[in-house]
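I have placed the structure first, in the form of structure tokens, so that the comments after it can refer back to it.
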2 protein chains.
Amino acid sequence: MANQRHTSRHYEKELQELKEGLLYLGGLTERAIENALQALLGRDSELARKVIADDNAIDQLDSENEERCIRILALRQPAARDLRFIATAIKINGHLERIGDMAVNIAEKVLLLNEEPQLKPYIDIPRMGEIVQRMIRQSMDALVNENVELADQVRKDDEIVDELTEQVFRELLTFMIENPRTIKVALLIMQISKNLERIADHAEGIADMVIYMVTGKSVRHDSSTEPKGRMA
Amino acid sequence: MANQRHTSRHYEKELQELKEGLLYLGGLTERAIENALQALLGRDSELARKVIADDNAIDQLDSENEERCIRILALRQPAARDLRFIATAIKINGHLERIGDMAVNIAEKVLLLNEEPQLKPYIDIPRMGEIVQRMIRQSMDALVNENVELADQVRKDDEIVDELTEQVFRELLTFMIENPRTIKVALLIMQISKNLERIADHAEGIADMVIYMVTGKSVRHDSSTEPKGRMA
């Protein structure tokens, strides 16, 4: 009996470590996006290179979290509820790792942009950046507190990011048509906004998994593809 | 003992069904890409709409496969080797579902392209389409036959697709600069090539998981982000 309590305490500790590992990864990816956007706005190539270098730590933690999940599955035979948490954790971990990759993609484009003159002051992109950072934070909060309403909020924010992406595309399109010399720069900014949109999709994916974990109801696939008739 | 043999036969059957479910999903996604590209080349909006409608079946099968994985984990306490297969299966299933989404994205762009005059005959895009379809087929073959060499081949093909994407971008860029009236169409084609590149990334992700499953060696993260200095 004492032994069983001992085992159970260990098991609880492993689940807790997994949760903390996910939260920490969430923090790293949010920071990566923040830095990538700061590098964009400040035309800071050094910071952009830091985002690219920092991705190693994200990949490392992604692998560690995944190993934690597999180890728990292998050794603990988790019951239904924990099993659903671990299945959720595997997916959320994957989303976070991909968000880190998107931050790197943005940083790569910033390096290219910094070789060209600035097209115009950024207005929508920083707004998108703030929203996607909030989405990551709230989706992780929703996970930890099993808060379905917060997860729903993340899903709503995704629609705003989709609309902003389309708006950025259409505005840049007018620049490109008016002055072909802006095309190269405008394309790079389009790709940055597209990467932010994909980050929002991953945050929504996390929120969907939280809803699935808490309610058992699958809301995925509702919006995994792009809205109809869009340029972006 | 008879009972144990019975259980074990059931278990083998479940693993087999999971493998078949993955293969079937691989077939569906390959077909979706084929149809999306045929819709592009034939300017066939009806076929594009079929790709979009068909994605429901892909999402359905994705969910079924995932449930199979969870059920096996919950009921069977799989040993190390099977556990690694199921962890691999969860990830591969996710990659295939995303490939289906990319085919839908391509079909959406085809619908918009069909409202505009054709820019030029397609040369690189169909080639990219053939390569990514082969990559999916070979990555699934590599999974079933635990063939690391085939998985390595898929990883090499990904580099070719990356190069072709960059080539398509640069060619379209010259069209856009020469004639601003081509910008809208060129942007849509760029996005199609980008979606093909992302499909190739997912196929590479499948190949990476096969290598991990067979050798226990993680090759992920080597190329999950985009090559440096690229426009695309």
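In what follows, chains are A, B, ... by sequence order, proteins preceding strands, each numbered from 1.
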Legend entry - Residue pair A:Arg230 / B:Leu112, side-chain heavy-atom distance below 4.5 Å: no

Legend entry - Side chain proximity check, A:Lys91 to B:Glu66, heavy atoms < 4.5 angstrom: yes

Legend entry - Counterpart residues, side chain to side chain contact (heavy atoms under 4.5 Å, CB included), relative to A:Leu15 (two or more places apart): A:Tyr11, A:Ile72, A:Asp82, A:Phe85, A:Ile86

Inset, instruction - Step through the shown structure and confirm whether more than 12 heavy atoms of other residues, nucleotides or ligands are within 6.0 Å of CD on A:Gln118. - result: yes

Inset, instruction - Report the option among B:Leu73, B:Leu173, B:Ile177 that has the most heavy-atom pairs separated by less than 4.5 Å from atoms of chain A. - result: B:Ile177

Inset, instruction - May I ask you to name which of A:Ile70, A:Ile183, A:Leu83 has the most heavy-atom pairs under 4.5 Å with chain B? - result: A:Ile183

Inset, instruction - Look at B:Leu187, B:Asn56, B:Ile90, B:Asn179 and state which one has the largest set of heavy-atom pairs under 4.5 Å with chain A. - result: B:Leu187

Legend entry - Leading residue by heavy atom contact count with chain B [cutoff under 4.5 Å; candidates A:Met190, A:Glu178, A:Arg84]: A:Met190

Inset, instruction - Could you tell me whether B:Arg181 atom CZ has more than 12 heavy atoms of other residues or ligands within 6.0 Å of it? - result: no

Legend entry - Over 12 foreign heavy atoms within 6.0 Å of CZ, A:Arg76: yes

Legend entry - A:Met231 backbone acceptor or donor facing B:Gln191 side chain under 3.5 Å: yes

Inset, instruction - Only counting residues at least two apart or in another chain, list the ones meeting side chain to side chain contact (heavy atoms under 4.5 Å, CB included) with B:Glu159. - result: none

Inset, instruction - Can you establish whether the number of heavy atoms outside B:Tyr24 located under 6.0 Å from its atom OH is more than 12? - result: no

